[in-house]
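All values below come from the heavy atoms of this structure, side chains included, with hydrogens, waters and symmetry mates left out. Letters go in sequence order (proteins before strands), and every chain restarts at 1. This one's a predicted model, so the numbers in the text were calculated from it and none came from an experiment.
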2 protein chains.
Amino acid sequence: MAYQDTFSALGDPTRRHVFEAVSTQPRAVGELAAELPVSRPAVSQHLKVLADAGLVTCRTEGTRRIYAARPEGLAEIRAWLEQYWSDALESFAAEIDEGVRDS
Amino acid sequence: MAYQDTFSALGDPTRRHVFEAVSTQPRAVGELAAELPVSRPAVSQHLKVLADAGLVTCRTEGTRRIYAARPEGLAEIRAWLEQYWSDALESFAAEIDEGVRDS
DNA sequence: TATCTTGGTAAGCCATAACTAACGGTAAGC
DNA sequence: GCTTACCGTTAGTTATGGCTTACCAAGATA
């Protein structure tokens, strides 16, 4: 049920920006803060949330921390989506079948 | 880019519950409020957000409003996910190709 | 070894939004 | 036609969380 964490993590616009930024290319915290309209600590905090949700990984490079997107983190939400999609279509078909004769 | 609205709408846990409830079966506001630990106005507001995001539809039935899930609302996020997925794998492959030296 | 650079953490403030309570409107039933 | 019940909206309060400033830790370089 970790797809919920993914939704919560990606629910914030700033966090989506950070995620998409590191998706384009792995970057250090300072670089991200430089191109985003938020401070470095803010970026760091968002990265922590994303990391907890399994959406990014961290690689130490001297004093720098290079963050990269982790596509696998989207696997759960992807699986849920496909599952839901098929279930919904099924229910929809059943409803049509029964005929929606109001209550 | 409406997948962002979808993420924002589904980012809230309560809203996910409401969405999943109406997914199981179309229901009125009062019924939803009765089985969820939130008040009726709260449910109503959540449904408004979900409706704006195109995730639910409303059908008037006398004085009652029957809300139903709209699977199509997930189409955008689904498309984005597939797009991102393939792009990410591509970038990942390119990165591997260039060789991730160190560590 | 000393200093500088870089990143993470903690505390506090502020904004957004979710929740509750109360009111008004509308349709159904008697 | 009046009463009742249900639904939606609005105002007010509370709480969650995001942003910033300040401080601390770790590593590289001279």
Side-chain angles (χ1 to χ4, degrees), chain A residues 2-23 25-70 101-103, chain B residues 2 4-22 25-70 101-103:
Chain A
Y3 80 93
Q4 311 233 351
D5 297 330
T6 311
F7 265 121
S8 296
L10 257 37
D12 181 70
T14 303
R15 228 150 24 216
R16 278 197 300 271
H17 292 154
V18 172
F19 179 67
E20 293 183 354
V22 297
S23 294
Q25 183 182 353
R27 264 181 279 250
V29 178
E31 293 171 328
L32 288 168
E35 63 190 69
L36 290 175
V38 289
S39 66
R40 184 171 51 75
V43 172
S44 190
Q45 289 172 354
H46 283 307
L47 283 170
K48 178 176 175 57
V49 175
L50 290 172
D52 288 342
L55 287 167
V56 298
T57 56
C58 181
R59 182 182 74 218
T60 301
E61 197 171 275
T63 62
R64 299 154 60 85
R65 311 272 175 99
I66 310 297
Y67 283 88
R70 205 177 76 97
R101 24 174 120 74
D102 80 300
S103 93
Chain B
Q4 311 231 352
D5 297 330
T6 311
F7 265 120
S8 296
L10 257 37
D12 182 71
T14 303
R15 224 144 33 213
R16 279 198 298 272
H17 291 154
V18 172
F19 179 68
E20 292 182 354
V22 297
Q25 183 184 353
R27 266 179 278 247
V29 178
E31 293 171 329
L32 289 168
E35 63 189 70
L36 291 174
V38 289
S39 65
R40 184 166 49 77
V43 172
S44 190
Q45 290 175 348
H46 284 309
L47 285 170
K48 178 176 175 56
V49 175
L50 290 173
D52 288 344
L55 288 167
V56 298
T57 57
C58 180
R59 182 182 74 219
T60 300
E61 196 170 277
T63 62
R64 299 152 61 85
R65 311 269 175 101
I66 310 298
Y67 284 88
R70 204 175 75 96
R101 334 167 173 80
D102 98 286
S103 109

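Taking 4.5 Å as the limit, some side-chain heavy atom of A:Arg16 sits within range of a side-chain heavy atom of B:Ser8. In this structure, B:Val18 and B:Leu36 have side chains that are in contact, with non-hydrogen atoms separated by less than 4.5 Å. Using a 4.5 Å heavy-atom cutoff, the side chains of B:Glu31 and B:Arg64 are in contact. Between B:Val22 and B:Leu32 the shortest side-chain heavy-atom distance falls below 4.5 Å. Between A:Leu47 and A:Arg65 the shortest side-chain heavy-atom distance does not fall below 4.5 Å. In this structure the side chain of A:Arg70 never reaches within 4.5 angstrom of the side chain of A:Val56, judged on heavy atoms.
Each end of the helix from C:dT1-D:dA30 to C:dC30-D:dG1 gets its own rotation axis from five pairs of C1' atoms, and the angle between them is 20° to the nearest 10 degrees.
The stretch residues 30-42 of chain B touches DNA chain C through B:Val38, B:Ser39, B:Pro41, B:Ala42, each having a heavy atom under 4.0 angstrom from the strand. Residues from residues 9-21 of chain B with heavy atoms under 4.0 angstrom of DNA chain C, sorted by number: B:Thr14, B:Arg15.
Among the nucleotides C:dT9, D:dG8, D:dT10, the one closest to any side-chain atom of A:Lys48 is C:dT9.
Note that the CG atom of A:Asp12 and the NE2 atom of A:His46 stand 5.0 Å from one another [nearest 0.5 Å]. Between atom CD of residue B:Glu35 and atom NE2 of residue B:His17 there is a gap of 12.0 Å, rounded to the nearest 0.5 Å.
As a whole-Å value, the separation of B:Gln45 CD from D:dT13 C1' is 13 Å. In this structure, the CG atom of B:Leu47 is 17 Å from the C1' atom of C:dA17, given to the nearest Å. Rounded to whole angstrom, the span from the CG atom of A:Asp52 across to the P atom of C:dT9 amounts to 10 Å. One can place CD1 of A:Ile66 at 18 Å from P of C:dT5, the figure rounded to the nearest angstrom. Between the CD atom of A:Glu61 and the P atom of C:dT5 there is a distance of 19 Å, given to the nearest Å.
Regarding contacts with the backbone of C:dT6, every side-chain N or O of A:Arg65 stays at 4.0 angstrom or more from both OP1 and OP2. A sub-4.0 Å separation between OP1 or OP2 of C:dA17 and a side-chain N or O of B:His46 is absent. Contact annotation: A:Tyr67 side-chain N/O to C:dG8 OP1/OP2 distance is under 4.0 Å.
The backbone N or O of A:Arg40 lies less than 3.5 Å from no partner atom in the side chain of A:Ser44, so there is not a single donor-acceptor pair.
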Exercise. Can you list the steps and then say if A:Leu10 with A:Leu50 is a side chain to side chain contact (heavy atoms under 4.5 Å, CB included)?
Worked result: CA-CA 8 Å; A:Leu10 257 37; A:Leu50 290 172; 4.0 Å; yes

